[in-house]
Amino acid sequence: TPQVHDLKDKVDALQVKNGNNASVAFSAHMSSYPVTVGDSSPFIFDAIITNVGAAYNGNSGNFIAPFDGLYAFYFMMVNSYTSEGIHAGIYKDGVLLGMGAAEGPKGNINSAYDDGSVLVTTHLTKGDRVYVRRHDGGNEVEGHWWTNFSGFLISADL
């Protein structure tokens, strides 16, 4: 019943608040390079380093909030030598929260491998989706360890 689920969510949130059995944190990077990214699809960070709480999905690139609360997310990318500069951001259910830019003209070794990053904090409601996607510019990143995404729960709502 909805009341039972609501009560379970409140118990889980209390456990998070008290530091018991409810940590939420993930860190992942791309497993290959270079990586061509789509216009509106989430970046796929399929090499998962940490996924405490199992809220990040390495197949879809989505983080799904398991609790209402305050979260932090960090994203870093390196543009590919063969690509133009790229702008990409962290999105919450389709809304841009912050954007990084990895500039550099295509093929210019002196401007290649520029990096861009962004750190955001945001309040999420259970079930909210957070992901990284291309905003504009080029469509290729170095991938592998150079392009990564991390996030964690700061505090749960009660």
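The residues of the chain are indexed from 1 along the displayed sequence.
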Heavy-atom check, side chain of [X] versus side chain of [Y], under 4.5 Å:
{"X": "I64", "Y": "N57", "answer": "no"}
{"X": "F63", "Y": "V24", "answer": "yes"}
{"X": "F26", "Y": "F73", "answer": "yes"}
{"X": "H123", "Y": "D157", "answer": "yes"}

Contacts of A47 meeting side-chain contact (heavy atoms from CB on, under 4.5 Å) (sequence neighbours excluded), chain-then-number -> H29, S31
Interatomic distance, [X] atom [atom1] to [Y] atom [atom2] [nearest 0.5 angstrom]:
{"X": "L70", "Y": "L153", "atom1": "CG", "atom2": "CG", "result": "8.0 Å"}
{"X": "N79", "Y": "H87", "atom1": "CG", "atom2": "NE2", "result": "10.0 Å"}
{"X": "F75", "Y": "L119", "atom1": "CZ", "atom2": "CG", "result": "13.0 Å"}
{"X": "T122", "Y": "I154", "atom1": "OG1", "atom2": "CD1", "result": "10.0 Å"}
{"X": "H135", "Y": "S40", "atom1": "NE2", "atom2": "OG", "result": "12.5 Å"}

Measure from the side-chain N and O atoms of [X] to the backbone N and O of [Y], and report whether any donor-acceptor pair falls under 3.5 Å.
{"X": "Y131", "Y": "G94", "value": "yes"}
{"X": "D68", "Y": "K126", "value": "yes"}
{"X": "D93", "Y": "R129", "value": "yes"}

Please answer: with hydrophobic residues joined when any side-chain heavy atoms are less than 4.5 Å apart, are I44 and I86 in the same cluster? no
Is there a chain of hydrophobic side chains (I, L, V, M, F, W, Y, each step under 4.5 Å between heavy atoms) that links V132 to F152? no
Under the side chain to side chain donor-acceptor pair (under 3.5 Å) rule, what pairs show up with a residue in residues 145-154, not counting sequence neighbours? S27-S150
Please report the shortest heavy-atom distance between [X] and [Y], naming the atom on each side.
{"X": "P42", "Y": "N62", "result": "CG-OD1, 3.9 Å"}
{"X": "Y71", "Y": "F67", "result": "OH-O, 2.8 Å"}
{"X": "A102", "Y": "G116", "result": "CB-N, 3.9 Å"}
{"X": "R134", "Y": "F43", "result": "N-CE1, 3.2 Å"}
{"X": "M99", "Y": "V118", "result": "N-CG2, 3.8 Å"}

If you draw a 6.0 Å radius around OH in Y74, do more than 12 non-hydrogen atoms from other residues or ligands fall strictly inside? yes
How are the rings of F149 and Y56 set relative to one another: parallel (under 30°), tilted (30 to 60°) or perpendicular (over 60°)? perpendicular
